[in-house]
Amino acid sequence: MSLSIYGTELDSRLLIGTALYPSPAIMQQAVIASGAQVMTLSLKRQAPAEQGGQMMWQYLQQLADEHQIKLLPNTAGCKSANEAITLAHMSRELFQTHWLKLEVIGDDYNLQPDPIELLKATKALIDDGFQILPYCTDDLVLCQRLYDLGCEVIMPWASPIGTGKGLMNPYNLATIRSRLPQATLIVDAGIGKPSDAVQALELGYDGVLLNSAVALASDPVAMAKAFAFAMEAGQLAQQAGIMPERQTAQPSTPTLDTPFWHQT
């Protein structure tokens, strides 16, 4: 099955960021090696009002066009709904897309989203025709509110951005999955290694968005390939049906010719 984002069907379930790489050339190689069909780019950190990131934007646009990759602008660094809304309109003008990864940060220490400002910005932007992919915590009620506002895609974190701690609260993520069966759910932030991505897909998540795990690896291109394989493994495992956990050991060998008093 493909990943559906607001009606766009994608073969890859991996979304990848474009920051923190040792060089633009390595970033390009890693993005291609990952097989991702969506890549994010930060607007605020490039001073869009002064066209400060114009060269990088053109580079990413060319990469996207050549390899049929969708661009997903984000509002990283915004701390209020109004700031995010302003940046969102700039992104739509610059990249001619209604897609937006919406981030409204409430805490500078762990980069946790501000739920109140996030909901406020989400409502305003959806009313204005944007298709929002909100970055949020693994809070069930917040995810429900975002879905009720019209977010077909919701992106709860695995753990704080850039920590590489993986899925700190699998129970929370699994609960969100079970309570929002119709939503497209993408784990965003905190992924550190390919096995984290496998775990997310095994929980039933539709995709994974990451950046640091690839960009900060000793060999970003090789790590990007590893994540490409991880996405395939996680999807196949989820589709195959994972065996239930048990509290006691169960023999895996046949009981043929075993004395009846040893059989259960």
Side-chain angles (χ1 to χ4, degrees), residues 1-18 31 34-42 69-76 97-104 111 113 118 122 126 130-140 142-147 149-162 166-170 172-214 224 227-228 230-235 237-239:
M1 294 177 62
S2 60
L3 170 64
S4 179
I5 297 181
Y6 289 103
T8 297
E9 303 297 322
L10 304 168
D11 294 327
S12 173
R13 294 176 178 270
L14 180 63
L15 294 75
I16 195 165
T18 55
V31 169
S34 74
Q37 293 175 291
V38 176
M39 61 182 182
T40 66
L41 69 158
S42 174
I69 300 172
K70 299 285 187 181
L71 288 177
L72 177 60
N74 69 42
T75 60
T97 178
H98 295 289
W99 283 11
L100 183 76
K101 179 186 174 185
L102 181 59
E103 300 183 32
V104 186
L111 302 180
L118 178 63
T122 296
I126 287 178
F130 282 87
Q131 295 174 322
I132 302 299
L133 292 80
Y135 159 66
C136 60
T137 59
D138 54 354
D139 182 283
L140 171 63
L142 176 57
C143 290
Q144 288 175 320
R145 295 292 183 269
L146 289 166
Y147 185 71
L149 284 174
C151 292
E152 297 179 13
V153 182
I154 301 171
M155 304 200 297
W157 71 4
S159 50
I161 294 175
L167 279 62
M168 293 184 65
N169 293 295
N172 288 9
L173 292 172
T175 300
I176 294 168
R177 175 71 286 173
S178 65
R179 297 289 295 275
L180 295 174
Q182 303 303 318
T184 295
L185 297 180
I186 298 172
V187 169
D188 176 18
I191 296 294
K193 53 190 181 300
S195 57
D196 297 334
V198 173
Q199 185 181 10
L201 294 188
E202 288 174 346
L203 287 176
Y205 274 67
D206 300 289
V208 170
L209 193 159
L210 55 85
N211 188 162
S212 301
V214 170
F227 271 103
M231 303 306 291
E232 183 177 353
Q235 181 182 1
Q238 198 279 329
Q239 291 175 346

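Quick caveat, the model's predicted, so the values are computed rather than measured.
The side-chain heavy atoms of I191 and V208, taken from C-beta on, include a pair separated by under 4.5 Å. L167 is listed as a side-chain neighbour of D196, based on a closest heavy-atom distance under 4.5 Å. Counting heavy atoms from C-beta outward, I5 and L15 have side chains that approach closer than 4.5 Å. Within the 4.5 Å cutoff, the side chain of W99 has heavy atoms near those of the T8 side chain. P113 places none of its side-chain heavy atoms less than 4.5 Å from the side chain of V104. Taking the side chain as every heavy atom from C-beta outward, I176 and Y205 approach each other to under 4.5 Å.
Closest of all the heavy-atom pairs between V198 and A233 is CG2-CB, 4.5 Å. Nearest approach of P156 to C143, heavy atoms of both residues: CB-SG, 4.4 Å. In plain terms, the two heavy atoms of L14 and F227 that are nearest each other are CD2-CB, 4.1 Å. Minimum heavy-atom separation, P160 to M168: CD-SD, 4.1 Å. Shown here for A189 and I161, the closest heavy-atom pair between the two residues is CB-CG1, 3.7 Å. The two residues C151 and T122 make their nearest non-hydrogen contact at SG-CG2, 3.5 Å.
With N169 as reference, D138 is the one residue of D138, T137, D139, T175 to meet the side-chain contact (heavy atoms from CB on, under 4.5 Å) rule.
With hydrogens and angles ignored, the 3.5 Å screen pairs no side-chain donor or acceptor of T75 with any backbone N or O of L102. Between the side chain of T18 and the backbone N or O of T40, at least one donor-acceptor pair lies under 3.5 Å. In this structure a side-chain-to-backbone donor-acceptor pair under 3.5 Å is present from Y6 to I132.
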side-chain contact (heavy atoms from CB on, under 4.5 Å) between M155 and V187, worked out: CA-CA 5 Å; M155 304 200 297; V187 169; over 6 Å; no
Pair Y135-L209, side-chain contact (heavy atoms from CB on, under 4.5 Å): steps then yes or no: CA-CA 10 Å; Y135 159 66; L209 193 159; over 6 Å; no
CA sep, side-chain torsions, deciding dist, call: C136, L146, side-chain contact (heavy atoms from CB on, under 4.5 Å): CA-CA 9 Å; C136 60; L146 289 166; 4.0 Å; yes
side-chain contact (heavy atoms from CB on, under 4.5 Å) between Q37 and L3, intermediate numbers included: CA-CA 10 Å; Q37 293 175 291; L3 170 64; over 6 Å; no
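Taken to the nearest 0.5 Å, the OG1 atom of T97 stands 7.5 Å off from the CG atom of L72.
For the pair D206 and R177, the salt-bridge criterion is met [side-chain N within less than 4.0 Å of a carboxylate O].
For NZ of K70, the number of neighbouring non-hydrogen atoms (other residues, nucleotides, ligands) closer than 6.0 Å is 12 at most.
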